[in-house]
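Sequence positions, counted from 1, serve as the residue numbers for this chain.
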Amino acid sequence: MREALRSVICPTCGGPPVADDYFDEQKLRMENARLKEELDRVSSLTSKYLGRPITQLPPAQAALSMSSLDLSVGGLGSPSLDLDLLSGGSSGYPPFHLPMPVSEMERPMMAEMATRAMDELIRMAQAGEHLWVKAGGREVLNVDTYDSVFAKPGAASFRGPDVHVEGSRDSGLVFMSAVGLVDMFMDSSKWTEFFPAIVSKARTVDVLVNGMAGRSESLVLMYEELHVMSPVVPTREFCFLRYCRQIERGLWAIADISVDLQQHDARFGAPPSRSCRLPSGCLIADMADGSSKVTWVEHMEIEDRVPIHLLYRDLILSGAAFGAHRWLAALQRACERCACLVPAGMPHRDIAVAGVTPEGKRSMMKLSQRMVSSFCASLSASQLHRWTTLSGPSDVGVRVTVHRSTDPGQPSGVVLSAATSIWLPVPCDRVFAFVRDEHTRSQWDVLSHGNPVQEVSRIPNGSHPGNCISLLRGLNASQNSMLILQESCTDGTGSLVVYAPIDIPAANVVMSGEDPSAIPLLPSGFTILPDGRPGAPSSSSAGGPLVGSPAAAGSLVTVAFQILVSSLPSSRLNAESVATVNSLISTTVEQIKAALNCASH
């Protein structure tokens with residue numbers, strides 16, 4: 001990475017790179033931090049023998065907090081950063097604290113609560129225009145009507161000034177049977193796998209009722225964290241009941257309702273928002289062709305205890321970030337991907353053999369699914385997965401976090417994650433097309449050294465041409481042994497481009513249909529969301545507004561990298577690694593802005 005950054009030319013002025021000066025500055029900061037640490041040590045010894053503290057300079061922030069890497073002002077604080085700051089022990093991301101299982105005394109009360117939520121959900125899903133109003137082409141809850149129709153003693157009067165209601169409804173066809181969808185909804189692992197871009201974590205806390213064959217009348221207590229895949233937007237935490245009922249032959253309902261059982265870890269204080277899911281869920285109707293019609297209702301009350309970051313304020317307050325439209329679009333996309341696993345006999349080119357077998361296709365899709373899920377989880381901004389801010393290319397700055405990885409699906413050792421979020425005055429589909437296209441990759445990928453990139457294999461996994469898995473090869477003599485595994489996916493609410501290096505022997509193992517679970521991947525990539533500004537379309541179209549005009553759509557783009565700092569889990573993070581990844585993200589952002597003609601933003 002450092003070698004690549006030294007050869008970068010400024011896209012705006014064509015001048016030489018500034019990386020060397022940057023690293024010289026960091027070396028001075030490291031030396032300064034070392035001297036301060038030595039002063040602290042000597043001062044400590046002196047005070048011990050004198051029996052009183054002596055006057056000294058402010059401490060070098062050597063005490064590491066639970067919530068940060070403790071990188072001091074300007075970027076770097078100490079030459080090595082202790083990874084024991086992470087609260088989860090020695091491996092992976094810190095664990096989150098689940099509520100206790102439900103006691104026998106509470107079960108009847110919870111069953112009654114779930115039954116009431118189911119009744120309300122069905123009424124809301126089938127209600128007409130008096131309850132739902134059209135806004136921007138989508139159905140939004142009329143809160144005043146809701147409060148009068150579903151009157152609950154004191155509910156409306158106790159909404160504080162910082163509480164906002166998000167209510168939305170959407171419906172559409174999904175390429176999966178109702179029974180298959182019900183099974184996914186009631187399984188927390190499958191739930192997370194289907195919605196990695198929305199659900200960062202999910203667990204089944206307790207099974208209150210097992211239900212009958214086909215899961216009808218099943219009742220479970222679940223915990224989940226929802227995110228928008230940006231380090232600047234805190235996750236929303238929910239502990240909720242999920243109740244499944246078969247209403248009639250071919251018609252199912254899934255109802256969710258929050259329960260207040262979550263016990264927050266006192267070390268981290270109160271969460272940045274209080275999230276309450278009011279009766280929400282789905283009606284799922286079997287269709288004759290094996291697909292399903294899904295009507296999705298999402299209804300939340302959110303109390304933000306800290307201000308929403310200005311970059312994401314419009315998107316979140318509009319309800320689009322976690323609204324029914326986004327959930328349904330993600331479900332349709334996931335089901336379309338699953339349908340592509342069915343062998344279709346489509347030959348694909350491979351680097352080693354003439355074609356890809358159905359087994360090889362399935363193995364590649366499984367590996368890529370794990371890569372995407374890992375990438376999405378790495379961008380969570382939860383109470384137990386906190387980021388430290390460095391200086392960077394935008395108001396957001398570059399955010400970094402670190403963890404020890406012992407997961408067989410990742411390289412073992414110390415992993416540094418870095419990300420930043422930016423606004424671009426460019427429609428989402430144009431940004432997506434640019435970063436996923438191998439022909440334009442050399443314009444932003446610093447590690448390609450400006451060399452072209454060739455696609456050597458492609459597996460489509462959706463009707464949109466951008467929904468595919470690719471193996472890419474950099475036409476660079478020094479990288480002949482490595483390929484890039486990339487998955488790009490898009491729907492009406494946002495896009496992802498995720499990639500990770502993979503060596504040729506591992507790629508051939510996957511293409512032959514063998515189990516890919518032991519292949520280590522460390523993904524990086526991009527998330528692209530509409531900015532949510534009123535009146536702006538989410539994508540460009542022929543004859544649409546010109547970029548830069550007041551009505552043009554903008555994009556919220558998060559750029560994220562993960563690097564293996566050391567293969568030894570017991571090692572310490574050095575400041576040069578942080579400086580390298582900081583410079584890598586900043587350079588990538590500037591290259592993207594220059595290529596999309598928005599360098600001034």
Side-chain angles (χ1 to χ4, degrees), residues 1 92-93 192-193 195-201 227-231 334 337 363-381 385 387 398-421 432 435-436 438 441 444-448 453 455 457 459 461 466-474 479 482-490 494-503 506-507 510 516-528 557-565 567 577 580-581 584-585 588:
M1 286 182 178
Y93 291 108
T192 310
E193 184 179 305
F195 300 101
I198 305 176
V199 182
S200 62
K201 295 184 180 78
H227 66 163
V228 294
M229 293 187 300
S230 171
R337 191 185 195 279
S363 182
M364 182 63 77
M365 290 184 71
K366 183 178 178 182
L367 178 65
S368 189
Q369 173 73 38
R370 173 161 63 83
M371 175 181 72
V372 171
S373 295
S374 174
F375 173 76
C376 293
S378 74
L379 280 175
S380 170
H385 184 201
W387 299 76
V398 174
R399 310 284 178 110
V400 294
T401 187
V402 66
H403 74 277
R404 294 191 182 103
S405 172
T406 56
D407 185 339
Q410 278 194 340
S412 178
V414 177
V415 174
L416 175 65
S417 302
T420 191
S421 296
F432 175 67
V435 296
R436 80 170 184 85
E438 73 273 13
R441 188 181 185 99
W444 60 261
D445 187 357
V446 176
L447 301 183
S448 70
V453 174
E455 183 180 71
S457 183
I459 299 175
N461 60 19
N467 289 328
C468 64
I469 299 166
S470 304
L471 276 176
L472 308 175
R473 175 168 49 202
Q479 297 175 337
M482 297 299 293
L483 298 172
I484 299 169
L485 173 65
Q486 175 177 292
E487 177 157 354
S488 57
C489 54
T490 186
S495 307
L496 276 173
V497 177
V498 184
Y499 60 91
I502 180 174
D503 59 38
V510 178
S517 58
I519 295 176
L521 293 175
L522 201 56
S524 300
F526 304 88
T527 73
I528 306 160
V557 180
T558 295
V559 185
F561 290 99
Q562 294 188 91
I563 60 171
L564 184 68
V565 176
S567 58
S577 298
T580 299
V581 78
L584 180 64
I585 281 197
T588 302

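Within the 4.5 Å cutoff, the side chain of Thr558 has no heavy atoms near those of the Thr420 side chain. By the 4.5 Å heavy-atom criterion applied to side chains, Ser412 and Ser567 are not counted as neighbours. Contact of the Cys376 side chain with the Thr527 side chain is not registered, since no non-hydrogen atoms from C-beta on lie closer than 4.5 Å. The shortest side-chain heavy-atom distance between Gln410 and Ser374 falls under the 4.5 Å cut-off. Side-chain atoms of Val435 and Val557, non-hydrogen and from C-beta on, never get closer than 4.5 Å to each other.
Counted by atom type alone, Ser230 and Ser421 present one or more donor-acceptor pairs between their side chains at under 3.5 Å.
Shown here for Ile519 and Ala506, the closest heavy-atom pair between the two residues is CD1-O, 3.7 Å. Nearest heavy atom pair, residue Thr192 against residue Val199, reads CG2-O, 3.8 Å. Residue Asn467 comes nearest to Cys489 through the heavy atom pair OD1-CA, 3.0 Å, listed as atom of the first residue, atom of the second, then distance. Closest approach of Val415 to Ser405, counting heavy atoms only: CG2-CB, 4.0 Å. Here the closest heavy-atom approach between residue Ile563 and residue Ser577 is recorded as CD1-O, 4.2 Å. Residues Pro501 and Leu521 share a closest heavy-atom pair of O-CD2, 3.9 Å.
Taken to the nearest 0.5 Å, the CZ atom of Phe526 stands 6.0 Å off from the CZ atom of Phe561. To the nearest 0.5 angstrom, Leu471 atom CG is 12.0 Å from Glu438 atom CD. One finds the OG atom of Ser448 at 11.0 Å from the CG atom of Leu472 (value rounded to the nearest 0.5 Å). Note: Asn461 CG to Cys468 SG = 7.0 Å, rounded to the nearest 0.5 Å. In this structure, Ile502 CD1 and Met364 CE are separated by 6.0 Å, a value rounded to the nearest 0.5 Å. The CD1 atom of Ile528 sits 7.0 Å away from the CZ atom of Phe432 when rounded to the nearest 0.5 Å.
Ser368 places no side-chain N or O within 3.5 Å of a backbone atom of Met365 that could act as its donor or acceptor partner. The main-chain N or O of Gln562 is found under 3.5 Å from a side-chain atom of Ser524 such that the two form a donor-acceptor pair. One N or O on the side chain of Trp387 and one on the backbone of Ser380 form a donor-acceptor pair closer than 3.5 Å. Of the possible polar contacts, none joining the Ser373 side chain to the Pro196 backbone as a donor-acceptor pair under 3.5 Å is found.
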In sequence, state the C-alpha distance, the side-chain angles, and the governing distance for Leu564 and Val414, and then conclude on side-chain contact (heavy atoms from CB on, under 4.5 Å). CA-CA 6 Å; Leu564 184 68; Val414 177; 5.8 Å; no
Quick one, Asp445 with Val453, criterion side-chain contact (heavy atoms from CB on, under 4.5 Å). Give me CA distance, side-chain angles, the key distance, then yes/no. CA-CA 10 Å; Asp445 187 357; Val453 174; 5.7 Å; no
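The stretch residues 363-374 participates, sequence neighbours left out, in these salt bridge (Lys or Arg N to Asp or Glu O under 4.0 Å) pairs: Lys366-Asp515.
Among the candidates Gln369, Arg436, Arg337, the single residue satisfying the side-chain hydrogen bond (donor to acceptor under 3.5 Å, both in side chains) test with Glu487 is Arg337.
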